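Written below as structure tokens is the structure these notes are about.
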Number of protein chains: 2
Amino acid sequence: MTITKAACVGRPRGFDIDLALEQALNVFWRNGYEGTSLNELTEAMGIKKPSLYAAFGNKEQLFFKAIDLYENRPDSLFNIAFQHERVADVIRGLLLGAAAQFTDCSHPQGCALINSTFSCNEASESIKQTVLARKSKHKQRLVDRFELAQNQGELQEGCEPVVLASLMTALFQGLSMQASEGASLDELQKVATMAAEGILTVNVKR
Amino acid sequence: MTITKAACVGRPRGFDIDLALEQALNVFWRNGYEGTSLNELTEAMGIKKPSLYAAFGNKEQLFFKAIDLYENRPDSLFNIAFQHERVADVIRGLLLGAAAQFTDCSHPQGCALINSTFSCNEASESIKQTVLARKSKHKQRLVDRFELAQNQGELQEGCEPVVLASLMTALFQGLSMQASEGASLDELQKVATMAAEGILTVNVKR
DNA sequence: ATAATTTCATACCCATCGGTACAAAATACG
DNA sequence: CGTATTTTGTACCGATGGGTATGAAATTAT
């Protein structure tokens, strides 16, 4: 199912649908799902409400498509860091990459997925569940990578891959929150470095 | 200025004001500020809207009073952990204490202050600022404690107290989010232990 | 040209939001 | 008793939330 097939008959769409989706992502990224109103969306996207509904369905579906766009970026944190061979470099790359990406001023601060958990009261349960499922998918990628490292003898005895993955996730969440609250790149780099040092010293053979 | 002085004339208040405030705290704790509606509040507190407004002012002031109640608890995480003499025990106490307190089922999961940052769009700017100020006050307590440790020669050379405080804060935020998302005590204990081990090994003399 | 089709802008729908007017009810004081 | 004072329940306010009906505008097909 494509986003919305371009019509070859009838009045042509007056806006760039991909660009509009990107603007929508930016608003959700900044304010979360519940914190974003249709008026904010339409204003940022430069279209009126009926156009939004015709092109994207409704607010919920627009959110899902925006998150899809976010996660399928080629320069995703995970995709870059997972290219390293040694797990030590993966861990360093993830933490330092998070610090850099969460404070990149070319887009809202923090991680869009983590920020979206903000303002998600039980009214929008499907949003909450979807975001949680995505996050746990990412966590599973970490677990798999660390289990691989364990099988290759890179981890210290007693280091559980699942726990290590949870700790990394917790650090991402913390870094994301601090970035959203205005922390600088320099600040987060130091935090990420200290965290990586501790994790590597205790859990990874050298 | 007390919460609301008991009137000695006129119709007596028909509910326990302290108990009502505690119920309000629980709702904010679970849903954040924006995520909580007046109807949810009045239902949880067992009173009607005019009673709420007469006793607490408005939603914003009720929130502030609820957060005050939360922070002035005697069994606060910081108050307990800061009783230790050695900074290593403080760090362990903070992380393990966070794991325990954030998953305590006698109240909502996670940290109320951290959860309140969720769903805080720019409409309620004063709420956001207040919560941020409180959080940075707590962070300053960490900085002060770690600077003390540094002066007493407990920290390794090159360990900056500010960075260490930020890292601890990031871990609190991560642990809080994972607790809110349903992580178990056992899970978070393992994460906190691994984090503490890494931090102590690299940053604290033994 | 005209019909078919699609998008657009305006103007509206209903539910919920935080907040309040008002009068009945319940107490203390004279 | 009556009166002043405070709380309580009901019923409401304007603003905003997500979502839509409708007809005009713009294009392709005939």
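Owing to the predicted nature of the structure, the values given are computational and were not obtained by experimental measurement. Naming convention: chains lettered A, B, ... in sequence-line order (proteins, then strands); numbering from 1 in each chain.
In this structure, Phe15(B) atom CZ and dA25(C) atom C1' are separated by 16 Å, rounded to whole Å. Following rounding to the nearest Å, Arg13(B) (CZ) and dT5(D) (P) show an atom-to-atom distance of 18 Å. Atom-to-atom, CG of Leu52(A) to C1' of dT10(C) comes out at 16 Å; the value is rounded to the nearest Å. The CD1 atom of Ile47(A) sits 14 Å away from the C1' atom of dG19(D) (whole-angstrom rounding). What separates OH of Tyr53(B) from P of dC17(C) is a distance of 12 Å, to the nearest Å. One can place CG of Leu62(B) at 10 Å from P of dG19(C), the figure rounded to the nearest angstrom. For Lys48(B) and dT20(C), the NZ to C1' distance is 16 Å, given to the nearest whole Å.
Contact annotation: Ser51(A) does not reach the phosphate of dT7(C) (side-chain N/O to OP1 or OP2, under 4.0 Å).
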If a protein heavy atom is under 4.0 Å from the base, mark B; if only from the sugar-phosphate, S; if neither, -; do that for nucleotides 22-30 of chain D going 5' to 3'.
-> ---BBBS--
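Note: Phe78(A) and Phe172(A) have tilted aromatic rings, judged against thresholds of 30 and 60 degrees for the angle between ring planes. Taking the six-membered ring where the residue is Trp, Trp29(B) and His107(B) present parallel rings, their angle staying beneath 30° rather than reaching 60°.
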Restricting both atoms to N or O, compile the protein contacts to nucleotides 12-17 of chain D shorter than 3.5 Å, with distance only.
| residue | atom | partner | partner atom | Å |
| --- | --- | --- | --- | --- |
| dG17(D) | OP2 | Asn39(A) | ND2 | 3.2 |

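In plain terms, the two heavy atoms of Gly198(B) and Val202(A) that are nearest each other are CA-CG2, 3.5 Å. Of all heavy-atom pairs spanning Val131(B) and Ser116(B), the tightest one is CG2-CB, 4.4 Å.
A donor-acceptor contact shorter than 3.5 Å links the side chain of His84(A) to the backbone of Ala81(A).
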